[in-house]
**Student:** 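Structure incoming, see below.
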Amino acid sequence: MKDTIRLQKYLAGCGVASRRKAEEIIAEGRVTVDGEIVTAMGTQVDPTRQEILLDGKAVRANDDFLYVLLNKPQGYVTTLSDPQGRPIVTSLLSGITARLFPVGRLDLDTEGALILTNDGELAQKIQHPSHEVTKTYEAQVMGRPSDKMLQQLERGILLEGKKTAPAKLILFARKSGTSSIRITIHEGRKRQVRKMFQAIGHPVIHLKRIAYGTLFLEGLSTGKYRLLTPEDLKKIFIKKIPLQNNK
Ligand code: URA
């Protein structure tokens with residue numbers, strides 16, 4: 001991993017100010033690196049080896065817990081490194097210097113809501129089966145599954161010898177031989193949604209996770225992230241199955 005970072009990005013990631021404001025602060029000559037005033041934009045710094053002061057005071061990465069909601073694009077892996085050199089989700093967190101890790105996974109070809117944090121306890125709570133955190137997906141599938149098939153998926157079907165837990169499904173659009181279905185599940189088995197639709201003979205063409213609990217992506221564009229507030233974190237654990245909410 002690269003050890004240096006642009007000064008304005010470092011300052012923003014430490015929570016000093018927004019990236020733009022950090023640039024202004026640098027231009028005003030308020031920042032020194034190893035005792036030298038730096039006003040050149042884009043100066044690379046290594047915060048682990050260099051002393052960075054703002055108005056004479058040390059600037060350090062905030063060690064508080066951070067919670068981020070990312071709209072993961074397709075083609076990104078949710079591991080922290082990839083032997084095959086594919087892009088990793090944390091590379092999208094520009095401006096955040098804390099080491100965050102993804103809570104659970106999303107397949108390479110699945111896009112959408114992914115929480116990242118450095119709070120191991122909360123990550124475990126979200127993933128622990130006892131909390132039954134619901135995850136809602138929009139799946140575009142081949143063909144038009146019958147109501148009976150959708151009901152079967154709702155009740156649970158055998159996948160690799162184990163019945164899936166009850167799910168909630170709603171078919172909300174049909175277009176040129178495909179159907180768009182909103183599905184809410186609380187299990188996190190590998191490629192579960194794809195396997196469920198495969199099992200009823202309607203393979204998934206496109207899959208996007210739109211919510212954890214009632215925490216929705218809303219207006220977050222693909223590849224973008226936002227920091228979560230304590231209010232947002234509460235929404236993750238709300239079990240009411242969201243069917244009508246915004247994406
Ligand atoms: N189900 C899937 O099939 N893939 C995902 O990435 C998440 C849930």
**Student:** Using the rule side-chain contact (heavy atoms from CB on, under 4.5 Å), only one of T134, L69, V133, T214 pairs with I236; which is it?
**Tutor:** V133

**Student:** Are R182 and K168 side-chain neighbours, meaning at least one heavy-atom pair lies under 4.5 Å?
**Tutor:** no

**Student:** With a 4.5 Å cut-off on side-chain heavy-atom distances among I, L, V, M, F, W and Y, is there a chain of contacts connecting V45 to M41?
**Tutor:** yes

**Student:** Taking side chain as C-beta onward, heavy atoms only, is I52 less than 4.5 Å from Y10?
**Tutor:** yes

**Student:** Just by modelled atom types, is the M142 backbone N or O under 3.5 Å from a matching donor or acceptor in the T178 side chain?
**Tutor:** no

**Student:** Using a cut-off of 6.0 Å, state whether more than 12 heavy atoms not belonging to M149 lie near its atom CE.
**Tutor:** yes

**Student:** Taking CZ in R174 as the centre, count heavy atoms belonging to other residues, nucleotides or ligands within less than 6.0 Å. Is the count above 12?
**Tutor:** no

**Student:** With heavy-atom distances below 4.5 Å as the criterion, would you say the side chains of L233 and T229 are in contact?
**Tutor:** no

**Student:** For a 4.5 angstrom cut-off between non-hydrogen side-chain atoms, does E23 reach E28?
**Tutor:** no

**Student:** Same cluster or not: I25 versus L53, using hydrophobic residues (I, L, V, M, F, W, Y) connected whenever any side-chain heavy atoms lie under 4.5 Å apart?
**Tutor:** no

**Student:** Can you tell if the side chain of L150 reaches within under 4.5 Å of the side chain of L171, non-hydrogen atoms only?
**Tutor:** yes

**Student:** Going from CG on L7 to CD1 on I26, what distance comes out if it is rounded to the nearest 0.5 angstrom?
**Tutor:** 4.0 Å

**Student:** Check whether any side-chain N or O of E154 sits under 3.5 Å from a backbone N or O of L169 as a donor-acceptor pair, and report yes or no.
**Tutor:** yes

**Student:** Just by distance, do the side chain of N71 and the backbone of L220 share a donor-acceptor pair under 3.5 Å?
**Tutor:** yes

**Student:** Would you say that more than 12 heavy atoms from the other residues, nucleotides or ligands in this model lie under 6.0 Å from the CD1 of I37, or not?
**Tutor:** no

**Student:** Between G112 and L217, which heavy-atom pair has the shortest distance, and what is it?
**Tutor:** CA-CD1, 4.0 Å

**Student:** Could you check whether any side-chain heavy atom of I157 comes within less than 4.5 Å of a side-chain heavy atom of T164, counting everything from C-beta outward?
**Tutor:** yes

**Student:** Pick out which of I185, I181, V204 makes a side-chain contact (heavy atoms from CB on, under 4.5 Å) with Y137.
**Tutor:** I185

**Student:** Could you walk me through whether R226 and D232 pass the salt bridge (charged side-chain N to carboxylate O under 4.0 Å, His left out) test, one step at a time?
**Tutor:** CA-CA 11 Å; R226 70 177 180 89; D232 290 322; 3.0 Å; yes

**Student:** Say whether Y67 and F101 are linked into one hydrophobic cluster, either directly or through other cluster members, by side-chain heavy-atom distances under 4.5 angstrom.
**Tutor:** no

**Student:** Measure the CD-NZ distance between E111 and K72 for me, rounded to the nearest 0.5 Å.
**Tutor:** 8.0 Å

**Student:** Any donor-acceptor pair under 3.5 Å linking the side chain of Y212 with the backbone of T136?
**Tutor:** no

**Student:** Which ILVMFWY residues are connected to I88, directly or by a chain of links, through side-chain heavy atoms under 4.5 Å apart?
**Tutor:** V77, L108

**Student:** Surrounding CD of Q124 (heavy atoms of other residues, nucleotides or ligands, distance under 6.0 Å), is the total greater than 12?
**Tutor:** no

**Student:** Any side-chain to backbone donor/acceptor pair from E24 onto K21? Under 3.5 Å, distance only.
**Tutor:** no

**Student:** Report the residue from R191, H206, R194 that forms a side-chain hydrogen bond (donor to acceptor under 3.5 Å, both in side chains) with T110.
**Tutor:** R194

**Student:** Under the side-chain contact (heavy atoms from CB on, under 4.5 Å) criterion, do L215 and L228 qualify, and how do the steps go?
**Tutor:** CA-CA 10 Å; L215 176 68; L228 296 177; 4.0 Å; yes

**Student:** Do the side chain of N118 and the main chain of L100 share a donor and acceptor less than 3.5 angstrom apart?
**Tutor:** no

**Student:** Quick one: do K195 and E160 make a salt bridge, cutoff under 4.0 Å?
**Tutor:** yes

**Student:** Does any N or O in the side chain of D46 come within less than 3.5 Å of the main-chain N or O of Q50, such that one atom is a donor and the other an acceptor?
**Tutor:** no

**Student:** Any chance you could lay out the side-chain contact (heavy atoms from CB on, under 4.5 Å) test for M196 and I183, step after step, and finish with the verdict?
**Tutor:** CA-CA 10 Å; M196 287 170 76; I183 171 168; 4.0 Å; yes

**Student:** Taking the cut-offs as 6.0 angstrom to the six-membered ring centre and 45 degrees off its axis, would you call K235 and F216 a cation-pi pair?
**Tutor:** no

**Student:** Looking at E138 and K208, does any basic side-chain N land under 4.0 Å from a carboxylate oxygen?
**Tutor:** no

